Number of protein chains: 2
Amino acid sequence: MPDATNPPASVLTRRTFRRAPGDERRQDLIRATLDCVTEMGLHAVTVREIALRAGVTNGLIRHYFDSKDRMVQEAYRATMGEMTTLVKAASIIAGATARERLRRFVAANLGAPVADIKRLTLWASFISMVHVDAAMAAIHREHYLAFRRELEALVGEVFVEAGLPARKANCRRAAIKINAVIDGLWLEGTLAPEMFAKKDLVAMGIEAVESILGLSLRDFRKEK
Amino acid sequence: MPDATNPPASVLTRRTFRRAPGDERRQDLIRATLDCVTEMGLHAVTVREIALRAGVTNGLIRHYFDSKDRMVQEAYRATMGEMTTLVKAASIIAGATARERLRRFVAANLGAPVADIKRLTLWASFISMVHVDAAMAAIHREHYLAFRRELEALVGEVFVEAGLPARKANCRRAAIKINAVIDGLWLEGTLAPEMFAKKDLVAMGIEAVESILGLSLRDFRKEK
DNA sequence: GCACCTGTTATGCAACTGTATAATTAGCCC
DNA sequence: GGGCTAATTATACAGTTGCATAACAGGTGC
């Protein structure tokens, strides 16, 4: 099966290759896995297709992962971690008020590159495994809790900043509701993007969060 | 492969069968498909397993469906229709106020049998196909719009009942937000059921909807 | 009770699947 | 520059997959 990088040369030559340093190859394989799930759906993913996309032969996969299932689990972990990183990067800015950070948190979740149909396809594929595969369930749980904990802390700061009591039970309740709004709008907006202007989606998210918290998220210090 | 209902008898006897009337067999096959997706995940579903569960031989599937993909699509349509029916049945009650009906609508979405991990597994499996399969995208769109249209109408009635202006744009915006809250809480509560008391989830849903609408959903006529 | 239609079974096939294994070779250390 | 190690290729294998086809038989109409 000669390709551009490996011309047939002589009939009996082996394909040339390079040894990838560090865990570069591992990353490539995970990335290829995610691409496959995105484009073909989890049900159609095969180790051969993954290897093809990563530019290696299929035997190599078993050198890096115990099994195909294990590789898919790692891919799940990777994609969730990526989303968390993206949202954190967008919302953690020095010197900003809690309100401003919460607003950015919401906006980051509902805008590019998080609100993306490929990402949603990955997410749904993996979520569909939670009931079937205990390892996937554990990964889900881990990331859900981290997400909500972060949101809960942010809500607490917002309450304090507004001079309101920040009782833990209240923060948790609010965080659960806000988490729901974010997830739901992310789904709606990503699955039917032509039905929402991007800014509208973010605006609705912020409005809904304001309603739930019972206070404005506008940053008066900055916005005059 | 003899089983209980078809003992080997003589070595050369054919398995007995009955001709199912109407579309009974079709329904059986769809139900079997849904069971398979629920228990094994979409990626592991095979026509043989489906046939086994439906109590027929695998060749029969092609007699009812053009292909496995087509059968999965029909199963998607069926499961979404079922959820819609369940929610409608719970919220359409004669003589109730719009507020009461909206409250029931929310409760029906967040309680059994809609908030169920098996149902969520089905839903996620199918959603993961929306980006890959145009037919699945069409089915999703159809049901999403029906759901939101229903919710939009209900919100309009609630506004009117409360003596507020029910402008279409406002109703739509509110419906989108409420839809998001319902979807999000449904996800959270179903994926991590041990973290929420059932009544709590419904209570949070109703609270959030009340915040978004800016009015109470308590039915004063009935509740004293 | 016979014939006919079609729902149903039985069987086969070629392609594909995940994984195991052995042979190769790239790159590093001395 | 000559090994040594392990990353990588190549190949094989047994089981599975969706689908096609032909034979069969349940039920209906007469």
Side-chain angles (χ1 to χ4, degrees), chain A residues 1-3 5-30 32-33 36-37 40-75 133, chain B residues 1-3 5-30 32-33 36-37 40-75 133:
Chain A
M1 207 180 300
D3 62 46
T5 61
N6 288 280
S10 126
V11 181
L12 291 178
T13 53
R14 236 169 193 249
R15 177 171 164 173
T16 66
F17 63 93
R18 77 182 196 93
R19 299 163 93 96
D23 60 0
E24 178 186 301
R25 183 112 305 154
R26 206 182 170 79
Q27 300 295 343
D28 286 352
L29 286 170
I30 287 179
T33 303
C36 281
V37 176
M40 319 191 293
L42 186 53
H43 73 289
V45 170
T46 66
V47 294
R48 281 170 176 81
E49 180 67 24
I50 292 171
L52 187 66
R53 302 219 180 191
V56 298
T57 54
N58 51 24
L60 190 56
I61 284 179
R62 285 298 310 270
H63 187 264
Y64 283 94
F65 301 94
D66 287 350
S67 69
K68 181 196 175 191
D69 286 350
R70 204 58 75 87
M71 184 167 55
V72 169
Q73 289 160 19
E74 295 252 11
D133 181 340
Chain B
M1 207 179 303
D3 62 45
T5 61
N6 289 278
S10 126
V11 181
L12 291 178
T13 51
R14 234 170 198 249
R15 177 172 164 173
T16 66
F17 63 93
R18 78 182 195 94
R19 299 164 92 93
D23 61 359
E24 178 187 302
R25 183 111 305 155
R26 205 183 171 78
Q27 300 296 343
D28 286 351
L29 286 170
I30 288 180
T33 303
C36 282
V37 176
M40 321 191 292
L42 187 52
H43 74 289
V45 169
T46 67
V47 294
R48 281 172 176 80
E49 179 68 23
I50 292 171
L52 187 66
R53 301 216 180 193
V56 297
T57 54
N58 50 24
L60 189 57
I61 284 179
R62 283 298 312 271
H63 187 262
Y64 282 95
F65 301 94
D66 287 351
S67 68
K68 181 194 173 190
D69 286 350
R70 203 59 73 88
M71 184 166 56
V72 169
Q73 288 160 19
E74 295 251 12
D133 181 340

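As the structure is a prediction and not an experimental result, all values here were calculated from the model. By convention in this document, chain letters (A, B, ...) are assigned in the order of the sequence lines, proteins followed by strands, and residues within each chain are numbered from 1.
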Item to complete: Nearest 0.5 Å please: distance from the CD1 atom of A:Ile50 over to the CG atom of A:Asp28.
Response: 13.0 Å
Fill in: Qualifying salt bridge (charged side-chain N to carboxylate O under 4.0 Å, His left out) pairs with a residue from residues 40-52 of chain B, counting only residues at least two apart or across chains
B:Glu49-B:Arg53
Worksheet item: How long is the span from the OG1 atom in B:Thr33 to the NZ atom in B:Lys68, to the nearest 0.5 Å?
Response: 9.5 Å
Practice prompt. Quick one: pull up CZ in B:Arg26 and CE in B:Met71 and give me the separation to the nearest 0.5 Å.
Written response: 10.5 Å
Worksheet item: Starting at CG of A:Leu52 and ending at P of D:dT8, how long is that distance when rounded to a whole Å?
Response: 16 Å
Response to the item:
Residues passing the side chain to side chain contact (heavy atoms under 4.5 Å, CB included) test with A:Asp133, sequence neighbours excluded, are A:Gln73, A:Met129, A:Ala135, A:Met136
Donor-acceptor contacts, no H, no angles, side chain residues 55-65 of chain B, under 3.5 Å, sequence neighbours left out:
| from | atom 1 | to | atom 2 | distance (Å) |
| --- | --- | --- | --- | --- |
| B:Arg62 | NE | B:Phe65 | O | 3.4 |
| B:Arg62 | NE | B:Asp66 | O | 3.0 |
| B:Arg62 | NH2 | B:Asp66 | O | 3.3 |

Worksheet entry | Derivation of the side chain to side chain contact (heavy atoms under 4.5 Å, CB included) call for A:Val72 and A:Leu42 | CA-CA 9 Å; A:Val72 169; A:Leu42 186 53; 4.3 Å; yes
Response to the item:
Scanning both residues in full, the closest heavy-atom pair of B:Arg18 with B:Pro21 reads NH1-CD, 3.8 Å
Worksheet entry | A:Asp23 CG - D:dA6 P separation (whole Å) | 17 Å
Worksheet item: Got a sec? Which of residues 42-51 of chain A come in under 4.0 Å of DNA chain D, heavy atoms?
Response: A:Arg48
Item to complete: Indicate yes or no: at least one non-hydrogen side-chain atom of A:Glu74 is less than 4.5 angstrom from one of A:Leu29.
Response: no
Worksheet entry | Per-nucleotide protein contact string for nucleotides 20-30 of chain D, where B marks a base within reach and S marks sugar-phosphate only (heavy atoms under 4.0 Å, - for neither) | S--BSBBS---
Fill in: Closest approach of A:His43 to A:Met40 (non-hydrogen atoms, all atoms of both residues)
CE1-O, 3.5 Å
Fill in: chain B contact limits on DNA chain C, taken 5' to 3' with a cut-off of 4.0 angstrom to heavy atoms
C:dT6 to C:dG12
